[in-house]
A.B. asks: 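Below is one structure. I have some questions about it.
Small disclaimer: the values here were computed from a predicted structure and weren't measured. Throughout, numbering of the chain's residues begins at 1 and tracks the sequence.
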Amino acid sequence: MTAPRDDTPADDDAGAARAREAARRRRLAEVFGDVLPDDTSDSPRPTPRDEDWYRENRPPHHGG
C-alpha cells in the first residue's frame, strides 16, 4: 500500500467530492426514485418587476 500523495491538486479533491455526491444521488434515486425535483414549477422566480412593485408598495412604517 502506498501513502497518499501530498502534491495532489485541489481540483482532484473537488472532483472526488462531486463524484461522491453524484454517486450518493444515484443511490438515493435507485431506492426512492426521483421524489421531488430540485426546482418545481411553483418555485418563486423573482423578477425586477416584482422587486420594483414591492418597493413602490412598501408601507411607510417600514422605512425606506
Side-chain angles (χ1 to χ4, degrees):
M1 186 152 123
T2 61
R5 292 176 22 187
D6 289 337
D7 61 345
T8 304
D11 290 343
D12 287 349
D13 293 339
R18 283 191 300 271
R20 283 191 305 273
E21 178 63 18
R24 184 185 73 81
R25 287 180 179 259
R26 278 193 304 275
R27 287 191 307 273
L28 285 172
E30 287 173 7
V31 173
F32 297 107
D34 189 14
V35 178
L36 294 174
D38 290 336
D39 189 21
T40 61
S41 62
D42 62 343
S43 295
R45 290 178 178 80
T47 62
R49 181 177 149 223
D50 292 337
E51 183 65 28
D52 289 340
W53 185 89
Y54 283 113
R55 287 182 187 184
E56 291 169 3
N57 292 289
R58 178 177 40 223
H61 63 275
H62 280 264

A.B. asks: Mind checking salt bridge (Lys or Arg N to Asp or Glu O under 4.0 Å) for Arg26 and listing every partner two or more places apart, or none if nothing turns up?
C.D. replies: none
A.B. asks: Once side chain to side chain contact (heavy atoms under 4.5 Å, CB included) is applied, do any residues pair with Glu21, and if so which ones, sequence neighbours excluded?
C.D. replies: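 Glu21 satisfies side chain to side chain contact (heavy atoms under 4.5 Å, CB included) with Arg24, Arg25 only.
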A.B. asks: Let me confirm one number: the CG-CZ distance from Asp13 to Arg18, rounded to the nearest 0.5 Å.
C.D. replies: 10.5 Å
